[in-house]
Amino acid sequence: MSHTEMRQGTRSFGPEAEPEDVDGDIDIGGGGNGGGSGGGGDVGGTGADGVPAPPPAPSADRPAPARRRRRTYRRTWWKVLLGAAMLTLALASGAFAVGYLTVDIPRPNDMATAQSNHYFYADGTKLADKGEVDRESVELQRIPDHVRMAVLAAEDREFYSDSAVNPMAMVRAGFNTLTGKGTQSGSTITQQYVKNYYLDQEQTISRKLREAFIAIKLDREVTKDDVLEGYLNTSYFGRNAYGVQAAAQAYYDKDVEQLTVAEGAFLATLLQAPSTYDVAVHPDNRPAAEFRWNYVLDGMVKEGWLAPGTRESLEFPVPEPSRLDPGLSGQRGYLVEAINSYLVEHRIIDEKTLAAGGFRIVTTLQPDKQDAFVGAVEEQLTYHLDPESNPADGYVRVGGASVDVASGKVVALYGGPDYTQQYVSNATRRDYQAGSTFKPFVFAAAVQEKAKNWEGKRITPRTMYDGDSDRRVIGRKGKALRYAPDNQDDVSYGRINVADATNDSVNSVYAQMAQDVGPKKVRGTAIRLGLPAATPELKAHPSIGLGTATPSALDLAQAYATLAGHGDHGGYRLVDKLSRNGEIFQLPPQRPHPVISRNAADATTAMLQSVVENGSGEEAQIAERPAAGKTGTGEHDRSAWFAGYTPELATVVGVMGQDPETGAQKSLHGVLGEDRISGGGVPARIWGAYTRDALWDVPPSDFDLEVGHKQRMPYTPPPAPAPAPVPAPAPAAVPAVPVPAAPPAPAPAAPAGAAPPVPQ
């Protein structure tokens, strides 16, 4: 047999190569020892001449054994997969049949008989009761088409054509719920109606399955119009209003038939997040509300339910002020609103469940500290206002928040003079600039990141900067940026160290420092300290160092509490216990953890102590205890702040200007007859008076700072007054020696808080 014949049916790489199957698999079948044709394809058989016999070439009608085995495996796997699929389908069908047959349409839930919620201070004393349901059902014919279509555009545009359940949306929502990505509804209008009318608001897989089966049954027993009517009469629109008729009255003081297209679209907007989009109560959320409102109107145009020309002519319909419960007068309404927002925003319970009532809510608020806050505002500001003779006094708004440093518990809030007269809470609103109260976050970021200034020198309290007004910020490559902030009153300070620039709130220094550290890093540090990532105007730009962002007083208080707590942050807490009918609800755990180094936090605290002792925050010394803090003023003097802390308590006070008629922000010029209300004036005095009274029974204590006094910028006090001339004793036998009237006058001293130049 020739060598060529021996290679027939094999793939060879040379005379020495072992024969292979054409697919690359070596056949090691049964061992024949006969002639060249024996052995059934053995590799080890030999011929008569002792030459190894090759395996016989596979015939055209008989596949090689290895290939035959692979085909068998493939057929087997297909059978297994097909069987598994059929079994799964059978099980799913069976489960669906069982669910459909066993789940009946229940009686309507008892939402119509909702109870009040009961709020308590931390010591168990009653704070407030709230929760009467406003509901008025109307027939579908009374609801204008444009209102119905607005709701469909917002919630379920395929309502009339699709089935009662959207399986893909349910699977997606269920997956997100199980994997901790947040609870989501994934529901059609029919499912939402079932949840509103027959079930509770619990976000669980079992409730979603019941909801689906009931929706399918309901879809077969009633018409689409019946479902839509029920949905529009049971949905929650905020302000305790259930149903579109109650909502029309609550927001526009009219019946549903009188709603305009724009107003109907706004009510449809509310369905997603009623309290959030109530711009009369939360004016800072207007951009988000308008975005959703535009989404609804654009959807109506897309579906052919609204003419494009009509849509272009519509303006955002600002709702009427909320009709307030007289039982929520004084601070109670502000506190209840803050508590409810905390429960919903932290996903403890949803808004509609909370509105159903029956909850017992024990808060972290302490009545003695709450009274101390009210007393401090009245003592330092309210009693001195006279809007009749000085119109500027009528623009004054005050907000504040106080957080226990050790626990993160909110112990007091000041929302305004009276919730029934001014319903927007100044403690939680996010629409006034923080001003220079943001500067400590820039310095903390500099220490945390071991940043250097643009000259390549490490940033410390002693680092020198150019403090001239309108100085252009220098970028990382030494190129001047197109940003040159001015200092207050356009004062130029020349070369100035960071500590003095902090005392005097020098904008040009902190804009440059923010650029040196990196605006993104400054923003990240502020968020880690406690500011919400969604804080308006919290942008990564050198201007971030000047406080162009608009956090609330409560946001700032928890961030300053993190500095007071040596860099540990666990989030604030406003509720200690939540229960209903004996059921205890789980609250978010408090797990304080380091978000910046202790060195960075303590270095910032050390520097802020000098602001109170020698700088712009001296008025806060009426607290009569060691304190650290920072003053701040918003653009055009529309807000003035003092944010500070003792080792025990972090508190922020903001004074804001707002027109009571239009809601427009106003300058504080002329308030109390003063040219300007600065953070070091009224806000610092309110802070000091509150802190003194809130901690009256706590002995003063020093800050426990690991950085030591070397990290703190030494302050050179003004020269002591020259001693009065003292007559020198004259011995009897010696003539009296004349005494100089006074030593020569010293050179002009640096302004308070200044330090001598320090070599870098």
Side-chain angles (χ1 to χ4, degrees), residues 120-122 176-183 203-204 338-350 354 359-366 369 401-413 427-428 440-441 444-445 447-449 521-535 538 551-579 583-605 628 643 645-652 703-706:
F120 298 87
Y121 286 109
N176 289 336
T177 300
L178 288 173
T179 55
K181 296 182 179 179
T183 55
Q203 291 282 8
T204 62
I339 294 161
N340 290 348
S341 295
Y342 174 83
L343 291 171
V344 174
E345 290 173 7
H346 287 76
R347 299 179 182 273
I348 300 170
I349 50 178
D350 65 76
L354 180 61
F359 286 96
R360 178 183 174 88
I361 304 167
V362 180
T363 74
T364 60
L365 299 165
Q366 299 180 16
K369 291 182 174 57
S402 187
V403 176
D404 180 78
V405 171
S407 65
K409 294 181 178 181
V410 180
V411 295
L413 292 172
T428 56
F441 307 151
V447 179
Q448 176 71 20
E449 301 294 337
K521 292 180 180 178
V522 173
R523 182 179 187 275
T525 298
I527 292 170
R528 290 196 300 275
L529 288 171
L531 295 194
T535 299
L538 186 60
S552 69
L554 181 55
D555 296 333
L556 284 171
Q558 68 164 325
Y560 271 68
T562 305
L563 293 174
H566 310 294
D568 287 351
H569 177 72
Y572 76 92
R573 187 165 187 164
L574 198 48
V575 174
D576 258 344
K577 186 177 180 181
L578 177 69
S579 61
E583 177 187 2
I584 306 297
F585 286 73
Q586 188 71 31
L587 299 175
Q590 296 292 108
R591 296 193 182 98
H593 60 283
V595 293
I596 61 172
S597 67
R598 177 161 186 165
N599 180 67
D602 286 2
T604 305
T605 297
Y645 50 93
T646 68
E648 304 84 10
L649 210 57
T651 305
V652 174
F703 289 99
D704 177 22
L705 305 180
E706 288 190 351

So which atom in [X] and which in [Y] form the shortest heavy-atom distance, rounded to 0.1 Å?
{"X": "Asp602", "Y": "Asp704", "result": "OD2-O, 3.9 Å"}
{"X": "Ser402", "Y": "Leu649", "result": "OG-CG, 3.4 Å"}
{"X": "Tyr560", "Y": "Pro440", "result": "OH-CG, 3.3 Å"}
{"X": "Ala561", "Y": "Val403", "result": "CB-CG1, 4.1 Å"}
{"X": "Ala557", "Y": "Ala650", "result": "O-CB, 3.8 Å"}
{"X": "Arg573", "Y": "Pro588", "result": "NH1-O, 4.1 Å"}

Got a second to check how far [X]'s [atom1] is from [Y]'s [atom2], nearest 0.5 Å?
{"X": "Arg528", "Y": "Leu531", "atom1": "CZ", "atom2": "CG", "result": "12.0 Å"}
{"X": "Phe359", "Y": "Ile349", "atom1": "CZ", "atom2": "CD1", "result": "4.0 Å"}
{"X": "Ile596", "Y": "Asp568", "atom1": "CD1", "atom2": "CG", "result": "9.5 Å"}
{"X": "Leu563", "Y": "Tyr645", "atom1": "CG", "atom2": "OH", "result": "4.5 Å"}
{"X": "Leu343", "Y": "Ile348", "atom1": "CG", "atom2": "CD1", "result": "5.0 Å"}
{"X": "Leu413", "Y": "Lys369", "atom1": "CG", "atom2": "NZ", "result": "13.5 Å"}

Quick one: does any side-chain atom of [X] pair with a main-chain N or O of [Y] as donor and acceptor, under 3.5 Å?
{"X": "Thr535", "Y": "Pro532", "answer": "yes"}
{"X": "Thr364", "Y": "Val411", "answer": "no"}
{"X": "Glu648", "Y": "Val405", "answer": "no"}
{"X": "Thr562", "Y": "His569", "answer": "no"}
{"X": "Gln448", "Y": "Ser597", "answer": "yes"}
{"X": "Thr525", "Y": "Phe441", "answer": "no"}

Assess the residue pair Leu365 and Val410 against the criterion (side-chain contact (heavy atoms from CB on, under 4.5 Å)); give the C-alpha distance rounded to whole Å, side-chain angles, the decisive distance to 0.1 Å, and a yes or no. CA-CA 6 Å; Leu365 299 165; Val410 180; 4.1 Å; yes
Would Asn599 and Glu706 count as a side-chain contact (heavy atoms from CB on, under 4.5 Å) if you check the C-alpha gap in whole Å, the side-chain angles of each, and the deciding distance to 0.1 Å? CA-CA 7 Å; Asn599 180 67; Glu706 288 190 351; over 6 Å; no
Is it true that, when you exclude Arg598 itself, more than 12 heavy atoms of the residues, nucleotides or ligands shown sit nearer than 6.0 Å to its CZ?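 Yes.
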Is the centre of the Tyr572 ring less than 6.0 Å from the centre of the His346 ring?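 Yes; His346 has its ring centre under 6.0 Å from that of Tyr572.
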